[in-house]
Amino acid sequence: MAMRFLSAQRPSLFAASTLSRLAGLTLQPQLNNAVVQGQRYASVKAQGAYKKKSKRGIPKKLGAKRTGDQFVIPGNIIYKQRGTHWWPGENCNMGRDHTIHSTATGYVKYYRDPARHPDRKYIGVVFDKNDTLPYPAHAERKRRLNMTVHPIREAAATPELSASGIPFEVTRVQAGEPDRLLKLRDDYSYREDNWRIGRLVQTTGLKLKKFRTRKQWLRNRRWRREKEIEGQKKAEKKRAEQGGDALKTNKKVVSKKGAKKAKAKAKK
């Protein structure tokens, strides 16, 4: 029964053992093991190993972008980080990805402020390179308008008379008109400033532009033309009633080119 089951499961083994018994031969150990275990050798050549991609990914480019005492303008990135290794200090702010930006023009300072927090490190921007952060608790507040300080110089006093004894300014007084200030020019003539002359137009009451839009001007021109034609018709009717020579209204207006063509046609 066991022999029948073995022959049913492994017909090749059964055939090989039958042939060896008939021939009185014994199989080699390697062939015998291969036949018993049913080992199958590779029929296709093995391919090469799979070449993996580079382990180096896209760099995050984190870290300091501006060093201490380096000049920055509003919007410059000072430090890129993941998490809050550094905190925004004077004239700085932090984005949602923890990037610290400058909000003013100045110089970068890395510092600590135990009064605000004992462990945190801050990045700030100062307007003077020699300043140190943090500022004292009750120090004068620095400017935050992103403006540059410029001293206002007083205008030099102009003498009343020139080197030749001629006055630089003369006031013209005329009845019914406002006083006008005339200044001495390079050609030793007196003339009013251009901006003062422009203001004189307001005193005259002149209306430079009669119509606000072109459409209004075209409508007014059409109305004037209709009034002119109406007046001409009334004048012609009045002359006809008085017995005068009426204008020939049925005469066709011909251009010069048309008259020349008509004349050449009449000669033919």
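Each residue takes its place number in the sequence, starting with 1.
Of all non-hydrogen atoms in N91 and V125, the two that sit nearest each other are ND2-O, 2.9 Å. In terms of heavy atoms, I78 sits closest to H101 at CD1-C, 4.3 Å. Between F71 and T105 the shortest heavy-atom distance is CZ-CG2, 3.3 Å. Closest approach of L62 and K65 over heavy atoms only: O-NZ, 4.0 Å. Here the closest heavy-atom approach between residue K121 and residue H85 is recorded as CE-O, 3.6 Å.
Note that CZ of R199 and CH2 of W195 are 5.0 Å apart. Values are rounded to the nearest 0.5 Å. In this structure, OH in Y188 is found 5.0 Å from OG in S164, a value given to the nearest 0.5 Å. A distance of 10.5 Å separates CG of D179 from CD of Q174, quoted to the nearest 0.5 Å. The line from CD of E90 to CG of D113 is 9.5 Å long, rounded to the nearest 0.5 Å. The distance from atom NZ of K233 to atom CD of E236, rounded to the nearest 0.5 Å, is 9.5 Å.
Under a 3.5 Å cut-off, the side chain of T99 and the backbone N or O of K80 do not form any donor-acceptor pair. Judged by distance alone, the side chain of K109 and the main-chain N or O of Y122 form no donor-acceptor pair under 3.5 Å. Without hydrogens or angle criteria, N76 side chain to S102 main chain gives no donor-acceptor distance under 3.5 Å. Looking only at distances, no side-chain donor or acceptor of Q70 sits under 3.5 Å from a matching main-chain atom of R66. Judged by distance alone, the side chain of R112 and the main-chain N or O of P118 form no donor-acceptor pair under 3.5 Å. The closest donor-acceptor contact from the side chain of E192 to the backbone of R180 lies at 3.5 Å or more, if one exists at all.
A continuous path of Ile, Leu, Val, Met, Phe, Trp and Tyr side chains, each step under 4.5 Å between heavy atoms, connects I73 with V126, placing both in one hydrophobic cluster. In the hydrophobic clustering of ILVMFWY residues, with side-chain heavy atoms under 4.5 Å counting as a link, F127 and Y107 come out apart. Linking ILVMFWY side-chain heavy atoms closer than 4.5 Å, directly or via other members, places I77 and W86 in two distinct hydrophobic clusters. In the hydrophobic cluster analysis, where Ile, Leu, Val, Met, Phe, Trp and Tyr join through side-chain heavy atoms closer than 4.5 angstrom, L184 is grouped together with V170.
The shortest side-chain heavy-atom distance between T84 and R120 does not fall under the 4.5 Å cut-off. In this structure, Y190 and I166 have side chains that are in contact, with non-hydrogen atoms separated by less than 4.5 Å. Side-chain contact check for T158 versus E169: every heavy-atom pair is 4.5 Å or farther apart. Using a 4.5 Å heavy-atom threshold, the side chains of I123 and V108 count as touching. Proximity of P74 to T103: side-chain heavy atoms (C-beta onward) are nowhere separated by under 4.5 Å.
Around CG of D186, the count of heavy atoms belonging to other residues, nucleotides or ligands within 6.0 Å does not exceed 12.
Using cut-offs of 30° and 60° on the angle between ring planes, the pair Y79 and Y110 is perpendicular.
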Task: salt bridge (charged side-chain N to carboxylate O under 4.0 Å, His left out) between R224 and E228, worked out - done: CA-CA 6 Å; R224 291 200 318 267; E228 289 175 3; 5.3 Å; no
Open item on the list: Let's go through K234 and K238 carefully: what are the C-alpha distance in whole Å and the side-chain angles of both, what is the deciding distance for side chain to side chain contact (heavy atoms under 4.5 Å, CB included) to 0.1 Å, and is it a yes or a no?
Closed with: CA-CA 6 Å; K234 286 183 179 180; K238 189 175 181 179; over 6 Å; no
- [ ] Could you go through the side chain to side chain contact (heavy atoms under 4.5 Å, CB included) check for I197 and R191 one step at a time?
- [x] CA-CA 10 Å; I197 295 174; R191 185 174 180 274; 3.9 Å; yes
